Amino acid sequence: MPTPTLGDWQQMYRAMWRIRLFEDQVQRFAAAGEVPGFPHLSTGQEAVAVGVCAHLSHEDVLFTSHRGHGHVLAKGSDLQATLAEILGRQDGLCRGRGGSMHLVDAANGVLGATGVVAGNLSLAAGAAWAAQAQGRRNISVAFFGDGATGAGAFHETLNLAALWKLPVLFVCENNGYAEFTSREEHSNVTHVSSFAAPYAIATKTIDGNDLLAVYASAAEAIDLLRRDQGPYLLECMTFRLAGHYVGDAQQYRSKEELAAHRDKCPIERFKRHLIERGVAQQELDAIGELARLEVQQAADRARAAPRPDASTVLEDVYRSPALDGISG
Amino acid sequence: MPTPTLGDWQQMYRAMWRIRLFEDQVQRFAAAGEVPGFPHLSTGQEAVAVGVCAHLSHEDVLFTSHRGHGHVLAKGSDLQATLAEILGRQDGLCRGRGGSMHLVDAANGVLGATGVVAGNLSLAAGAAWAAQAQGRRNISVAFFGDGATGAGAFHETLNLAALWKLPVLFVCENNGYAEFTSREEHSNVTHVSSFAAPYAIATKTIDGNDLLAVYASAAEAIDLLRRDQGPYLLECMTFRLAGHYVGDAQQYRSKEELAAHRDKCPIERFKRHLIERGVAQQELDAIGELARLEVQQAADRARAAPRPDASTVLEDVYRSPALDGISG
Amino acid sequence: MIHSFIDILRRALDEEMTRDAAVHLLGEDVAAGGAFGVTRGLAQKHGVTRVRNTPISEAAITGLATGAALCGLKPVLEIMFIDFATLAMDCLVNQTAKYRYMSGGQLAVPLVVRTQAGAAGGAAAQHSQSLEAWFIHVPGLVVIAPASPVEAYGLLKSAIRLGDPVLFIEHKRLYTMKEDLADDIELPPIGRARIVRGGTDVTLIAYSGMVQSALEAVQTLADVGISAEIIDLRTLLPLDMATIAASVSKTHRVLIAHEAVLNGGFGAEIAARIGSELFDELDTPVVRVGCPFAPIPFAPDLERALLPGAQDIVRAVRLMPGLGE
Amino acid sequence: MIHSFIDILRRALDEEMTRDAAVHLLGEDVAAGGAFGVTRGLAQKHGVTRVRNTPISEAAITGLATGAALCGLKPVLEIMFIDFATLAMDCLVNQTAKYRYMSGGQLAVPLVVRTQAGAAGGAAAQHSQSLEAWFIHVPGLVVIAPASPVEAYGLLKSAIRLGDPVLFIEHKRLYTMKEDLADDIELPPIGRARIVRGGTDVTLIAYSGMVQSALEAVQTLADVGISAEIIDLRTLLPLDMATIAASVSKTHRVLIAHEAVLNGGFGAEIAARIGSELFDELDTPVVRVGCPFAPIPFAPDLERALLPGAQDIVRAVRLMPGLGE
Ligand SMILES: Cc1ncc(C[n+]2csc(CCOP(=O)(O)OP(=O)(O)O)c2C)c(N)n1
Ligand SMILES: Cc1ncc(C[n+]2csc(CCOP(=O)(O)OP(=O)(O)O)c2C)c(N)n1
Ligand SMILES: [Mg+2]
Ligand SMILES: [Mg+2]
């Protein structure tokens with residue numbers, strides 16, 4: 001992989017802003033009662049999504065979790081179609097069938113998001129198996145939280161992926177919480193990367209709020225995968241600045257803890273880096289403004305988009321035309 | 001725990017013979033078509049059962065797997081009642097309802113055996129939790145095979161047991177195979193004990209065919225558990241000298257492999273040890289003969305035992321009398 | 001005193017914990033109050049060793065609770081959404097439900113698994129299912145699905161005291177429903193349905209969230225001169241056929257309503273039994289109202305279109321020969 | 001050529017693997033031939049990368065197969081006993097079945113999950129269940145349960161070519177059954193039942209192992225002058241109501257037989273539909289024969305006492321008003 005140019009880095013800076021502002025927009029829509037269900041925001045975790053997805057092509061596939069907006073956008077899915085899906089509109093990515101926790105954008109390699117914690121991991125391994133079996137070079141990426149390591153499916157999948165040497169990158173966003181329960185309370189394993197050792201899976205724990213670190217480590221990991229040296233477990237230490245879902249009163253953590261992490265905001269941090277590298281504050285402001293406009297436009301259009309037609313509710317239960325409209 | 005006397009060791013020698021001859025008897029019964037289902041013999045793995053169970057009281061509880069005859073006998077269950085259960089008789093441990101894979105002898109602390117691989121592990125942890133919650137000193141033991149480490153339930157349970165510091169001893173009989181699939185083919189993790197590390201669970205891999213080693217390591221482990229330093233994962237390297245189940249043609253392994261392991265028979269090995277310690281060959285023969293007679297008598301009686309009365313088939317679906325005989 | 005469904009569940013748990021030291025709660029986030037606040041404050045009151053947070057390990061925590069139930073505890077396990085009970089089916093079905101039988105009566109599993117089901121507000125396909133039909137197919141389990149706060153209070157307490165494994169299904173749409181709880185309520189027996197409202201022309205059989213829909217429907221039906229009797233099953237397993245028989249022998253018409261997918265839903269079993277045991281009592285075919293054959297879609301417009309409701313009951317009753325327009 | 005059920009399954013798999021490079025087999029011990037020998041020799045022929053042994057990880061291998069199906073493979077996954085499908089329910093129900101719908105039609109899951117069910121010879125409570133009723137309750141799945149070798153051959157091939165997720169249930173008691181396979185057999189369509197034997201007095205609806213029991217019963221019934229028609233459903237989801245309706249409109253009497261527990265079994269759905277759609281055709285109540293409400297016991301005497309069989313069918317038919325003694 002060629003070293004990114006300053007322009008590439010600026011694109012990534014913009015990508016992070018798009019996610020941040022997108023989530024802010026979802027938050028506003030949700031507060032206004034316009035988002036069905038309970039959206040989980042990725043605010044504060046943008047560097048992981050952007051740093052990993054910067055290395056992926058459309059042929060590479062991605063499976064995310066309940067907290068997946070950022071990953072999908074970083075992979076390149078359309079802002080408006082993604083937002084429209086979260087609003088439950090007909091021109092959303094899944095025609096309003098999936099919603100916030102179930103974004104799929106097949107053409108862009110976003111193959112799924114599961115609301116069941118850890119449910120995506122084996123799917124990602126399966127996609128990697130298909131690539132391996134068919135001799136394709138693309139890889140598969142699974143994003144998941146630290147809470148998912150409590151689930152048996154995580155461990156079953158590690159074993160399989162190691163045994164079959166699957167080109168799958170497991171990216172854990174260790175944000176220290178599973179809902180309202182802190183990491184210490186749901187596991188006495190501090191670092192998710194420790195689970196790789198028994199399987200001799202390559203692994204690393206990095207600062208997930210440092211875009212440079214994420215980018216570099218993902219490059220390394222993905223390079224191994226593309227050379228059949230998979231799988232890889234990348235643990236990104238991060239923090240969600242938002243509640244578990246929109247509306248979470250966050251009584252389980254202190255104002256001080258939150259404040260301390262606000263200072264480690266990945267966007268601010270990368271901004272300081274770019275300034276150090278000589279990018280003008282104005283230029284960065286302009287990038288942020290551009291992202292704001294993009295999100296604004298997507299929001300306006302998504303909100304104006306038509307709702308699904310109730311008469312289509314029984315469509316697409318099966319692929320086979322012969323099974324269309326069966327009642328059981 | 002006081003050091004065993006020579007007499008204690010001789011009792012353990014006898015216990016191993018009882019298991020060996022019991023399994024031989026099951027094999028003969030099965031070959032004659034008298035055993036329903038597909039019994040899994042523990043031939044060759046006797047040292048693990050005996051070395052661990054020597055430390056358990058009736059209050060300590062045990063949960064075993066599909067390959068559990070030896071554990072149940074070593075824990076002290078009645079030969080005849082155990083065999084009667086395996087033959088599906090009315091005076092079997094479970095009145096013929098359970099069978100070979102599902103031995104329960106509650107009064108003796110044998111709380112279950114599951115035919116679903118790894119299904120017993122969380123139950124054992126639960127029993128340990130109950131003891132802990134009620135301030136009892138007894139411990140809980142789970143026996144399982146190396147194949148069970150592929151199951152998510154194994155890992156979920158390790159996490160829970162470590163987090164809650166449960167007094168549960170996980171005893172893995174690593175016999176190198178899961179059915180017809182060798183360890184190398186179902187995992188690239190050589191030693192099951194490696195799974196303990198992430199959780200900082202105390203662990204050890206030992207020669208499971210060496211009764212002395214099993215006895216000493218189990219003593220150490222159980223001592224930790226009784227001092228609230230649990231859980232513990234004890235990996236016993238062993239080998240099943242019989243097929244996966246009675247009737248298995250064993251095409252997946254060579255005659256040489258089998259022969260090599262016959263030489264490592266835990267009973268022969270322990271016999272040599274006792275002779276070195278001055279026990280007379282005659283005395284050992286007499287012990288073996290005693291075990292043979294015991295098993296023979298149990299077999300004769302179990303075989304003569306009545307079959308369950310078909311009219312009782314709907315009994316004991318529920319405990320509550322109000323639910324007796326409901327049809328749904 | 002007026003209680004919401006959530007508050008009344010908490011009260012029942014609190015009282016049972018006070019009454020019996022063997023009762024322990026466990027589940028994801030329960031010490032923090034649980035995802036829906038049902039267990040709020042209970043860890044503070046009864047201690048974190050009796051109200052235990054667990055990792056996200058539905059399989060193992062169900063096994064843990066089962067093992068503990070074998071050894072003297074009376075655990076109340078929370079599975080946050082019934083959709084995640086899919087992860088605990090081995091234990092619930094192969095172990096928990098069968099323990100007493102397989103041990104020849106030696107052991108029992110006094111366990112309550114509380115879970116939350118049903119669709120509301122765009123929770124989408126993986127957080128909205130009604131899967132009770134799976135569990136009524138499993139000998140050894142008891143299945144309860146209360147339709148109101150007061151019912152939930154009594155049924156939960158009865159379930160905790162039962163001594164056999166109970167799946168206790170709470171409908172997310174009922175959580176905010178409020179009712180007055182009398183001081184000296186008698187605990188309802190497990191396995192007995194209740195007549196929510198008497199009527200003479202048609203029997204509406206429902207449970208959980210659909211009892212509210214039936215109540216709504218009854219108003220509309222009354223306006224057109226149709227008198228409907230509502231049976232709230234309360235306990236799905238065992239099923240109270242006696243109450244059903246008494247009602248159908250009077251009305252000779254039956255409609256069964258549930259939110260679950262129609263095909264293979266619990267309504268099929270009820271309809272089959274009525275068709276067999278009350279064949280001669282039926283003036284018209286048994287009608288089932290339930291979810292058409294699709295996963296629950298995310299968009300509210302679609303969700304609404306798919307879910308059965310009061311209008312579906314009204315429409316179906318009015319199509320019954322003899323009651324029609 | 002004469003084939004056993006096991007051999008014919010192998011042949012179908014072999015032919016489909018030869019025909020379509022996307023077809024891959026996976027499961028515990030499948031490279032070694034599988035627990036029942038179904039896949040014997042296929043690894044040697046098609047290579048161990050197309051016939052893959054897996055660890056004992058029912059959840060993950062189901063996810064793996066599903067993920068691979070999304071990306072161009074057509075996996076055929078073996079779950080050794082349907083009792084272990086309990087470990088894969090999250091994936092099968094929450095992911096596999098719902099993928100197409102939740103993605104708004106973008107993706108599909110061309111996956112066949114072969115599994116083995118039913119009781120025989122003391123396999124006991126955790127290796128003997130018939131759980132098909134759970135799966136017919138899940139929109140997005142197809143459920144097939146063949147009743148003979150030749151049927152299994154055609155249905156398995158049709159399933160592999162379908163393009164939607166199929167649960168393919170093989171009955172362990174049928175594995176040794178033998179049949180002659182013609183050379184130019186036409187593949188049966190998914191969703192179409194077959195008339196196994198024509199008759200006029202009563203319709204016997206069965207599938208999987210119970211079709212054999214029905215055939216036995218028909219002999220005995222013929223001896224007392226009762227002419228029974230047997231329908232083998234073959235596909236349980238979708239259900240072929242047209243074939244049922246045609247038969248019932250002729251016989252006006254129905255018995256449904258399955259090995260699964262009666263309460264909440266698939267028979268309930270069939271009975272409910274017949275009761276509703278064919279109400280006026282029925283001269284007598286629909287009768288269901290199935291397993292009474294208990295786990296499968298180990299002892300053969302008890303297993304035999306519990307399991308439904310030909311005599312239960314005969315007895316039930318002879319109790320039907322108008323056909324009786
Ligand atoms: C199997 C399962 N159990 C419980 C839940 C409820 N739940 C949703 S998110 C969540 C916490 C997940 O924590 P983590 O994996 O760390 O992801 P994060 O939310 O921190 O991004 C839980 C318990 C679920 N969705 N799936
Ligand atoms: C969940 C589950 N999957 C598959 C099986 C079938 N099966 C029975 S024993 C066995 C192998 C178990 O291997 P291991 O745990 O090493 O125990 P061993 O037989 O070697 O003692 C398998 C796959 C099962 N019983 N349960
Ligand atoms: Mg987290
Ligand atoms: Mg083994």
Side-chain angles (χ1 to χ4, degrees), chain A residues 114 116-123 125 144-166 168 170 172 174 178 181-205 228-233 235, chain B residues 114 116-123 125 144-166 168 170 172 174 178 181-205 228-233 235:
Chain A
T114 61
V116 185
V117 167
N120 58 335
L121 302 172
S122 55
L123 299 174
F144 60 104
D146 50 308
T149 62
F154 169 65
H155 303 272
E156 292 191 359
T157 305
L158 284 189
N159 186 35
L160 262 163
L163 194 63
W164 294 14
K165 295 202 189 311
L166 299 177
V168 52
F170 298 105
C172 180
N174 186 345
T181 301
S182 70
R183 176 102 194 119
E184 296 71 46
E185 265 182 290
H186 71 77
S187 180
N188 64 350
V189 180
T190 313
H191 280 305
V192 169
S193 54
S194 357
F195 292 116
Y199 305 100
I201 290 177
T203 191
K204 206 172 188 180
T205 296
D228 292 330
Q229 307 288 303
Y232 197 103
L233 172 59
E235 178 184 29
Chain B
T114 60
V116 185
V117 167
N120 57 337
L121 302 172
S122 55
L123 298 175
F144 60 103
D146 52 307
T149 62
F154 169 65
H155 303 272
E156 292 191 358
T157 304
L158 284 189
N159 185 36
L160 261 163
L163 195 62
W164 294 15
K165 295 202 188 312
L166 298 177
V168 53
F170 298 105
C172 180
N174 186 343
T181 302
S182 70
R183 177 103 195 118
E184 297 71 48
E185 264 182 291
H186 70 77
S187 180
N188 64 350
V189 180
T190 312
H191 280 304
V192 169
S193 54
S194 359
F195 292 117
Y199 305 100
I201 289 176
T203 190
K204 206 171 187 178
T205 296
D228 293 330
Q229 308 289 303
Y232 197 103
L233 172 60
E235 179 185 30

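Every chain is numbered from 1, with letters handed out A, B, ... down the list of sequences. What you are looking at is a predicted structure, and each value in this text was computed from that prediction instead of being measured.
Within the structure, every pair that satisfies the side-chain hydrogen bond (donor to acceptor under 3.5 Å, both in side chains) test and touches residues 152-164 of chain B, not counting sequence neighbours, is listed here: A:S187-B:N159.
Applying the ring pair (Phe, Tyr, Trp, His ring centres under 6.0 Å) criterion to A:Y232, with sequence neighbours excluded, gives no partner residue.
When each of B:L158, B:T190, B:V192, B:N188 is checked for heavy-atom pairs under 4.5 Å with chain A, B:N188 comes out on top.
Neither the backbone nor the side chain of B:A197 comes within less than 4.5 Å of any heavy atom of chain A.
Shown here for B:P198 and A:V189, the closest heavy-atom pair between the two residues is O-CG2, 3.2 Å.
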